[in-house]
Amino acid sequence: MATDTDAITGGERPTDRDRSGNAVINWMESLSEAAYAYLLLLPAFALLTLIAFYPLISTFITSLREDRTRGAEPLGGFVGIDNYVDILTGNARLARQFLDVTVSGSFPFLELGTPFLQQALFVTIAFAVISVLFETIIGFGQAYVLDQEFRGRRWVRVAIILPWAVPIVIQGMIFFLMFQPEVGFGSDLMQWLGVFGANPLADSQDAFIIILVADIWKSSAFMALLILAGLQSVDRSLYDVARVAGASPWQRFKMITLPLVMPALLVAMLFRTMDAMRVYGLIESTAGCTTVPSLTCLVVEAMFGGTRIYATAAAVAFATALVIGLIISLYVVFFRDTEGGLY
Amino acid sequence: LGGAREPGTVVMTAATDVEGIMYSDGDEPSVQQALWDAGLDEDIRVEIQTVVSDSDQRMQGAQSALQAGRAPPDIHMMDSGWTIPFILREQTTNLDEHLSDDVIERVENEYLQAIVETARHPETDELHALPMFPDLGFMLYRQDLIEDAGHDTGDWADEPPSWEEFSTAVSDAMTEGDVDYGFTTQADAYEGLSCCSFNEVMTSWGGAYFGGADNLFVAGDRPITVDDDHVVDAIRMMRTFIDEDDPNAIEEYDEICPSAIVQWSEQESLGPFQGGNAVAHRNWTFAMAETGSEEAFGEDLGVTTMPYAVSADDAEFDGVGGTTSALGGWNLVLSPYTDRREEAVQVLEAFTDEGVMLTILELAGFLPPITELVTEADEDEIGPMARYTEQIERASETAIPRPVTDVWPEQSALIYQEVNAAFRGAKAPDEAMGDLAERLEGSEREVAAQNGD
Amino acid sequence: MARVRLENITKRYGEETAVDGISLEVEDGEFVTFVGPSGCGKSTTMETVAGLTQPSEGDVYIGDDKVTKLAPKDRGVAMVFQNIALFPHMDVYENISFGLRLRKYDDEEVRRRVEQAADIVQLEGMLDRMPAEMSGGQQQRVGIARAIVRNPDVFLMDEPLANLDAKLRVHMRTELQRLHRELNATIIYVTHDQAEAMTMSNRIAVLNDGKLQQIAPPLVCYNEPTNLFVAGFIGSPSMNFAEGQLDENGVQTPNFHIELDPATVPNASVGDAVTLGVRPEDVHLSAYADSLSQPTASIDARSDVLEPMGDEVFVYLLLAEDAERTMDEDPASSSGQLLMSVTPDTDIEAEQDVNVVLDRSKIHLFDTETGDALTHDITDQSEREPGTAATEADS
Amino acid sequence: MARVRLENITKRYGEETAVDGISLEVEDGEFVTFVGPSGCGKSTTMETVAGLTQPSEGDVYIGDDKVTKLAPKDRGVAMVFQNIALFPHMDVYENISFGLRLRKYDDEEVRRRVEQAADIVQLEGMLDRMPAEMSGGQQQRVGIARAIVRNPDVFLMDEPLANLDAKLRVHMRTELQRLHRELNATIIYVTHDQAEAMTMSNRIAVLNDGKLQQIAPPLVCYNEPTNLFVAGFIGSPSMNFAEGQLDENGVQTPNFHIELDPATVPNASVGDAVTLGVRPEDVHLSAYADSLSQPTASIDARSDVLEPMGDEVFVYLLLAEDAERTMDEDPASSSGQLLMSVTPDTDIEAEQDVNVVLDRSKIHLFDTETGDALTHDITDQSEREPGTAATEADS
Amino acid sequence: MTDTRDSSQSDDTDGREHQTKTTDSRAERFRTSSALRPDGGRETTSESDRGAIFEGSQDVELDRGPFQQWAANSIENPERVYRGMFYVAAIFFLFTTLFPFYWLLMVALTPEGQLQDIIFTPNGFNPGAFIEVFQTIPFHWYVFNSFVIATASTILVLIVGSLAGYAFGRLEFPGKTPLLLLVLVISFFPPAAFFIPLNDLFNTSFFMLEPITGDGTLYNTPGAMVLPLSAIFMPLAIFILTTFYAQIPDGLEDAARVEGTTRLGALFRVIIPLSAPGVATAGVLTFIAVYNEFFFSFLMTDGQPENWAPILEGILAYQGQYEVMYHLMAAASIIGVIPVAILVVVAQEKIVSGLTAGALKE
Ligand SMILES: Nc1ncnc2c1ncn2[C@@H]1O[C@H](COP(=O)(O)OP(=O)(O)OP(=O)(O)O)[C@@H](O)[C@H]1O
Ligand SMILES: Nc1ncnc2c1ncn2[C@@H]1O[C@H](COP(=O)(O)OP(=O)(O)OP(=O)(O)O)[C@@H](O)[C@H]1O
Ligand SMILES: [Mg+2]
Ligand SMILES: [Mg+2]
């Protein structure tokens with residue numbers, strides 16, 4: 001088709017309809033939606049398979065075998081789910097137990113073998129729930145602040161995000177030192193307030209609170225960042241509509257911001273929950289894993305504690321994943337109906 | 001990178017402290033030079049792969065390298081506290097087969113036996129590691145403050161006081177001397193408690209984890225004696241030091257420890273003492289240099305081995321009771337995966353040379369595995385340590401190693417956890433030790449079962 | 001060659017059928033306008049041509065090639081989107097030049113073309129604005145420029161002028177027509193503006209409920225609508241309808257009777273329910289009956305409301321005594337009423353009794369049941385082509 | 001009381017002045033339509049009324065209160081947005097009921113009202129759709145329903161019917177009028193559709209370049225435009241203009257001469273440059289000259305193109321020999337041309353010589369320089385009110 | 001990142017200005033001289049009043065006026081109260097987030113061995129710590145390593161994650177939810193669960209890697225960290241990107257495709273730029289996470305800076321057997337945080353750039 005009159009035509013022009021570009025691109029374009037999707041997922045899954053799924057399977061097999069603390073061979077024969085049974089019944093070769101309760105006849109029907117905060121499962125869940133709750137609230141507050149226009153916003157934003165950039169060792173060191181009676185003021189202050197005992201870092205309950213605060217300090221920024229990105233993606237004209245319709249700032253938040261930010265918020269909470277359930281470095285560098293045992297603490301101690309109990313470590317890792325999986329399914333069930341929920 | 005290393009280099013892991021003395025500019029003495037002087041082939045050069053100092057993290061590093069069968073490093077520097085598990089896992093080389101006989105002999109005969117024990121295969125007694133330097137626990141005290149409070153410390157250097165005497169003296173010095181703390185030590189829930197600071201106290205009370213010094217290195221079939229009265233009393237004493245009003249306190253002792261010791265390890269507990277704010281302090285050899293210099297306390301620093309409550313003769317078990325000193329220190333292990341075994345063996349042999357040991361002592365203050373050599377060192381070089389050679393001598397004689405077996409790390413965690421709980425008063429001492437005994441029995445059973453079949 | 005052919009295109013969204021078996025062919029260089037009620041499937045049909053939507057059934061051909069599975073970029077189409085869809089992160093220049101830059105035209109060429117396109121849509125001097133800084137109409141013009149700058153074989157334009165004022169719209173109309181002529185491009189166009197549809201298109205495709213009702217030149221759709229739907233839809237204000245019955249003498253509706261020989265009505269016989277349709281401009285005051293070659297008998301009515309539009313006045317007539325003008329119904333469609341369009345200088349006032357006549361040559365009869373057109377002219381001509389009613393309708 | 005008063009509203013975006021000193025008053029219950037070219041500031045003006053934009057200068061009053069600083073929610077206004085802006089996360093029901101739910105109406109009431117509103121915009125049965133699943137027109141109807149369901153004092157509607165088809169548009173028109181009547185609400189409306197502006201509004205406000213040109217009832221704007229801009233803007237197709245000069249006998253344009261007594265033209269004297277304006281429907285074939293009370297002398301022309309619109313036909317006349325119809329210009333505005341609108345049955349063909357006359361009572365004269373209207377009628381009446389030209393114009 | 005324009009755009013500016021001046025008079029006919037007010041007048045350029053969630057319209061006046069005035073105003077104007085609350089919140093957040101840093105600085109300034117009773121002032125003053133950090137070990141080398149590793153991982157994660165995020169967010173295909181959950185499952189596991197097999201894998205010599213790494217293993221190469229860290233932080237990135245990509249209206253992608261991009265081209269030219277807040281956030285989060293990662297960083301190299309040991313090893317190097325040089329660790333971490341702070345400053349314009357407004361009539 002040769003068009004000649006208009007200047008817009010501007011001489012020769014390849015007909016668009018002739019397929020341009022190389023064969024690969026054309027092949028990709030001609031794929032069906034599903035095939036195209038699989039193609040796009042290929043790189044991610046290739047990487048994940050090599051680096052994640054394969055090791056996990058191997059670890060899972062390990063968890064079904066017997067520990068061997070001596071000899072060149074680190075694992076004994078297959079013992080089925082014995083390792084898991086040991087973990088759940090408080091018989092694992094760990095300094096702190098995954099779970100240590102027995103059913104009793106009288107109220108509250110469960111008897112704690114060790115105090116609540118010395119059982120990894122409870123510590124971990126309590127930690128995850130409380131920290132994520134606070135981080136969400138604070139993160140939302142921070143994101144809101146960062147979403148405003150004001151002079152110096154750039155620097156405030158950096159300041160608020162900065163704790164997230166602190167290496168965990170340092171985060172741990174800060175709070176460790178702060179609550180070292182000799183060095184920091186934290187212990188004295190809290191003791192004076194009547195909140196803590198004399199040696200907070202050695203006391204499970206006090207240390208738990210310190211770790212919570214440390215985690216909230218650092219990780220709120222994570223929430224803030226994601227929520228902020230969500231806030232920024234909201235079409236501003238919707239706020240105009242809402243304002244004219246008579247929505248107060250709170251209503252605008254509740255009816256527009258929140259639901260529209262929900263997908264981002266859910267992702268943030270989901271990953272924060274999973275992260276919190278795997279907390280380790282922070283504990284290790286402040287109070288120590290015996291004072292506040294978390295699930296990952298058990299895994300790491302089993303694997304690197306010096307006693308070679310890899311099978312137990314693997315079993316604890318899988319049990320941890322199972323627990324996280326259960327909690328995440330609660331999310332999925334709970335938020336399934338929310339707009340933008342888990343797809 | 002990796003593969004293309006110079007021929008003749010032998011890679012050895014070490015922290016920056018050792019790296020710092022390995023080489024030197026010009027004619028300054030260095031370990032490398034000392035090794036060559038000791039007869040190491042001039043073509044062989046030791047290259048240090050620096051690793052972190054923290055013992056736990058270092059163990060992880062060694063474990064992942066050996067688990068993966070990776071070399072270099074050709075020589076791993078391993079804590080005497082966790083060498084045996086590696087030996088039991090066959091991740092070491094039997095040095096009996098590689099070192100020359102006279103070297104073996106020297107190690108057997110001249111080396112501090114306590115540390116050599118941590119380098120042997122517990123079942124076969126073969127030497128699988130070469131002790132590089134031992135470390136020992138000492139009681140440091142402020143002679144001036146105690147003297148001012150009217151107590152004579154004249155013979156403490158030769159013969160440590162009893163705990164009771166110690167506590168009274170420290171308590172008085174604390175009141176008189178206007179310092180905040182009496183005795184600072186390590187009681188955090190960590191390896192240092194079970195291996196060392198508590199091990200010392202327990203031993204000085206005539207107690208033991210596994211029924212005496214004979215049962216230290218083979219797990220599986222040995223008595224559990226942590227719920228023994230001596231052990232419980234040792235804890236009660238410590239508890240009294242922390243809080244004399246505790247129902248489990250022992251009348252005769254005074255409150256001399258800050259309660260914060262339950263969350264202190266070496267660094268934190270040294271701080272107040274170093275700052276002049278405590279009367280007495282338990283720590284490792286390096287603390288002498290830190291606090292004994294002229295800028296610090298100088299001559300006012302007194303050093304002794306642990307006080308005791310039950311003398312060795314009165315002790316129920318073998319090898320416990322009386323004054324004592326916990327054993328730390330590092331061994332050198334030849335990686336079974338090295339492709340430079342010959343060269344590495346040469347390096348190891350050179351390390352057994354006295355000149356090398358003295359060089360290390362003079363440059364870094366690390367005790368020679370042949371402890372008598374301390375007296376031969378140049379006093380100017382080793383600083384304050386020179387004043388305390390006698391105490392070092394005695395400490396090496398009374399050194400008590402931790403009971404390292406393949407399951408020691410596991411048991412250690414149980415121990416420090418319970419001991420710390422008891423120190424904090426969260427559990428009564430006998431209850432804590434009862435629980436501990438139960439857990440330890442379980443652990444021993446597992447080992448027995450696993451290694452029985 | 002840029003003939004566009006749709007073969008039995010159907011698109012379902014779940015239960016919903018948005019497009020229902022549409023087949024049509026747009027000749028090379030033809031200008032076809034899609035009209036139809038909101039939600040009838042116009043945009044969806046366009047999207048299947050562009051390749052943005054895969055039809056559930058059927059095939060699309062452009063030129064001689066079946067392109068049903070071809071990527072949009074390879075179809076040689078440009079599209080103006082109903083929702084405008086400017087790239088918010090690009091300024092006007094970047095938006096317009098997007099397609100050219102993708103095709104790696106050299107910078108000079110790009111600039112020249114963009115400037116020309118901006119000129120056509122009167123956006124000179126706004127090239128560095130961001131979309132968010134523009135008014136609705138300006139944004140829409142950017143969308144048009146983005147399409148025309150590429151000079152493709154086929155243009156798809158979905159209500160390109162919806163946000164423009166009348167004057168600019170006329171301008172754009174002529175511009176688009178010129179473009180159409182000069183580029184000899186095939187254009188498929190959606191509009192709700194009758195004037196646009198009538199003036200620009202070679203043919204109009206009337207869609208309803210996902211189905212093609214009629215595709216024919218504008219005047220054919222206007223004058224010979226193929227069914228009740230098309231008759232009512234094309235023309236603004238809408239055609240007047242009166243339901244009635246064919247009797248021996250003609251058509252009897254509740255309020256008036258029109259004489260005619262039932263035999264001249266094809267496909268219908270006496271007694272059948274028929275709907276009579278007449279456009280507002282074909283209703284005349286009896287006083288002007290002479291100007292018509294064949295007026296009907298005079299009908300009594302009462303003028304209810306006058307709606308002056310400037311160039312004409314709409315008069316709402318009530319036929320029955322009891323009939324009331326109800327505002328919530330399309331006034332032209334309820335049978336007690338009649339809408340008449342007169343020139344502004346006509347001597348008529350609200351609430352006054354009037355007599356009107358209809359132009360027999362402009363009276364349409366439809367089968368009430370099926371809605372199909374029966375005849376578009378009830379003058380007493382001896383020979384009339386019987387087939388004209390359904391000209392070119394495919395439905 | 002919901003009188004809306006704008007006092008000297010100005011809005012600047014950086015360099016750009018979007019609204020430039022607009023003052024006007026909309027009476028309680030009045031229906032005022034804003035019209036004007038794309039980008040002239042209609043939406044911006046609306047936004048200042050709604051409170052979404054703070055004017056750079058000037059004040060807004062609703063009722064008796066100065067609301068310039070008041071939050072939108074406290075102004076009692078509802079708005080239909082030009083960009084529709086439905087909440088993507090809410091279905092139709094939730095979108096429509098948004099404002100009601102904010103005000104905590106009880107569920108029954110909400111449901112009743114929503115259903116009623118959905119009924120008005122013909123969205124029954126779509127209440128549980130999500131916006132993304134709807135066509136453009138359907139979305140727009142949701143936007144309208146969202147505004148009307150709230151029943152506020154003041155409605156602001158920015159092109160609410162832009163995406164609707166003619167039929168539905170007529171329906172919505174009557175619905176909105178009914179709403180206006182029944183709620184007695186004040187409505188400010190933006191549209192590009194002349195028919196909407198003419199039929200619905202009490203007054204039309206013509207804006208250009210951020211400035212108010214004229215605010216007057218529709219027919220006044222149509223028949224007595226205050227200046228060239230309004231004359232050209234109102235009416236579709238646009239008024240014909242011919243630049244000329246006032247001489248002793250009348251107006252001389254390059255192609256024809258119109259007789260008139262220059263003394264009857266206020267504010268102008270012989271020799272002044274004037275622009276003559278006449279609407280297409282006021283151009284007649286000489287054959288029909290009798291029907292006019294005062295036709296002008298006949299003008300020679302040649303028909304160039306015919307544009308049949310169904311109910312009328314636009315005839316493009318060339319006046320000068322050399323004139324050519326250029327498609328890229330608004331045809332009515334170039335002086336060598338004349339656009340005539342005739343009924344479809346007029347006997348005229350393309351490319352044929354014709355004689356036309358103008359209706360003297362419909363001839364407008366403007367001062368070419370200032371653009372101000374001089375007179376809207378050049379019949380030889382003895383007494384004419386001299387002031388009508390600028391009726392109610394505030395600009 | 002911003003540069004989705006053709007490179008040709010930069011030299012276009014003058015051309016466009018030129019065009020502005022010579023605007024066709026026809027178009028200007030009704031556009032009188034007032035388009036540019038010569039007298040200027042007061043200008044309020046900001047459009048913040050429309051965007052902010054809290055009304056910011058009064059902030060011009062807010063800085064002035066005594067407290068009473070403020071209080072009186074706030075009663076009649078609640079938006080002012082929100083603004084006030086906002087400032088209180090901002091200051092609160094600033095204090096709580098920054099105080100630990102301040103304290104860390106105090107620790108850094110405290111000379112070795114005097115670490116006692118630090119509250120608001122250091123115990124002594126020793127700025128030399130910031131130099132000592134580099135003298136003790138080549139800390140900058142570790143920082144550099146971490147920076148390279150984090151950058152590489154971030155790029156890998158963003159690219160691979162974008163492809164996956166696009167598929168999950170915008171395409172329909174069988175098995176979508178299970179696959180998405182499968183990705184999520186990775187995050188259920190403590191990193192230690194991957195360690196042993198990966199340690200074996202990375203220490204296995206692969207013939208084809210020999211030319212690159214010398215001994216054919218990935219150990220001691222950036223790859224040994226980039227790969228597992230990418231895999232471990234990939235799920236988060238995929239989820240973030242999925243969420244943000246899903247929200248971009250289809251219309252814009254449609255427009256790009258009709259204009260001539262491929263589906264992939266539309267992703268990179270339209271969807272990613274429009275999701276800038278999400279992409280930048282995913283990038284920053286990944287970068288920081290990798291930069292600070294503890295587990296693999298520590299075990300996948302032998303700790304030598306020349307063998308790509310990351311910053312964590314550097315910080316741990318100040319930790320002795322019995323002694324910890326807290327002041328150096330503090331100084332080192334303050335130094336280590338700086339690159340991240342810079343990154344945040346750079347990325348923040350992307351993180352906060354609401355762009356979708358005005359995209360579509362929806
Ligand atoms: N945010 C903004 N930044 C800069 N200029 C703007 C902005 N919003 C609008 N404008 C400009 O202000 C002028 C008026 O815009 P407005 O939206 O009021 O026009 P309008 O009359 O509604 O036009 P339309 O009929 O096309 O919708 C336009 O020229 C527009 O480009
Ligand atoms: N994604 C979708 N999911 C479900 N239904 C849809 C979707 N998109 C469109 N529809 C429905 O398909 C029908 C046809 O839509 P389409 O957009 O083609 O209408 P249209 O003719 O363009 O209408 P308008 O003139 O209002 O733009 C509508 O009823 C609409 O509700
Ligand atoms: Mg549509
Ligand atoms: Mg507008």
Side-chain angles (χ1 to χ4, degrees), chain C residues 47 50-53 71-79 81-91 93-95 97-108 110-111 114-115 118-119 122-128 130-134 136 139-140 143 146-147 150 152 156 162-163 167, chain E residues 2-13 15-31 35 47 50-51 248-266 269-276 353-362:
Chain C
E47 281 169 12
L52 295 171
T53 299
K73 73 178 179 73
D74 299 322
R75 297 192 181 199
V77 299
M79 185 158 175
F81 289 82
Q82 185 171 19
N83 57 13
I84 308 182
L86 298 188
F87 305 122
H89 58 303
M90 302 183 189
D91 66 18
Y93 185 89
E94 291 166 328
N95 260 289
S97 62
F98 186 75
L100 299 179
R101 287 181 292 132
L102 283 177
R103 289 180 175 69
K104 309 246 184 299
Y105 280 83
D106 72 83
D107 293 353
E108 264 317 294
V110 170
R111 167 151 301 280
V114 169
E115 275 169 10
D119 213 57
Q122 304 191 348
L123 276 177
E124 314 89 342
M126 296 202 179
L127 289 178
D128 49 3
M130 298 303 283
E133 299 170 352
M134 306 186 86
Q139 292 182 10
Q140 197 157 43
R146 185 171 63 182
R150 273 191 37 226
L156 303 173
N163 282 291
K167 214 175 152 82
Chain E
T2 42
D3 205 354
T4 48
R5 303 170 164 211
D6 211 52
S7 56
S8 68
Q9 289 292 301
S10 50
D11 45 280
D12 282 339
T13 336
R16 240 182 290 167
E17 271 166 15
H18 173 67
Q19 190 209 20
T20 316
K21 285 174 213 141
T22 60
T23 306
D24 185 10
S25 62
R26 173 163 34 85
E28 280 291 274
R29 185 180 299 161
F30 298 119
R31 211 168 288 160
E47 219 209 335
R50 303 186 58 186
I248 301 300
D250 288 345
L252 294 174
E253 190 184 354
D254 287 352
R257 293 181 64 200
V258 169
E259 284 296 300
T261 63
T262 57
R263 284 186 279 201
L264 209 56
R269 284 167 184 275
V270 176
I271 294 169
I272 290 180
L274 283 179
S275 311
S353 56
L355 275 173
T356 31
L360 278 191
K361 288 171 54 165
E362 289 211 63

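Sequence lines set the chain letters: A, B, ... in the order given, protein chains first and strands last, and positions in each chain run from 1. Quick note: numbers below take in every heavy atom, side chains included, and nothing from hydrogens, waters or symmetry partners.
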**OP:** Assess whether side chain to side chain contact (heavy atoms under 4.5 Å, CB included) is satisfied between C:Met79 and E:Asp254, documenting all intermediate values.
**Re:** CA-CA 10 Å; C:Met79 185 158 175; E:Asp254 287 352; over 6 Å; no
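- When all heavy atoms of C:Ala85 and E:Gly251 are compared, the pair lying nearest together is CB-O, 3.7 Å.
- Across E:Leu252 and C:Phe87, no two heavy atoms sit closer than the pair O-CE2, 3.4 Å.
- Taking all atoms of both residues into account, the shortest heavy-atom contact from C:Leu52 to E:Arg257 is CD2-CB, 4.3 Å.
- Checked against salt bridge (charged side-chain N to carboxylate O under 4.0 Å, His left out), E:Glu253 has the following partners two or more places apart in sequence or in another chain: E:Arg170.
- The nearest pair of heavy atoms linking C:Arg103 to E:Glu259 is NH1-O, 2.7 Å.
- Nearest heavy-atom pair across E:Ala255 and C:Arg146 is CB-NH2, 3.7 Å.
- Atom CZ of residue C:Arg101 and atom OG1 of residue E:Thr261 lie 12.0 Å apart, to the nearest 0.5 angstrom.
- Of the inter-residue distances, the one linking C:Glu94 atom CD with E:Arg269 atom CZ reads 11.5 Å to the nearest 0.5 angstrom.
- Across all non-hydrogen atoms, the minimal contact from C:Ala50 to E:Val258 is CB-CG2, 4.1 Å.
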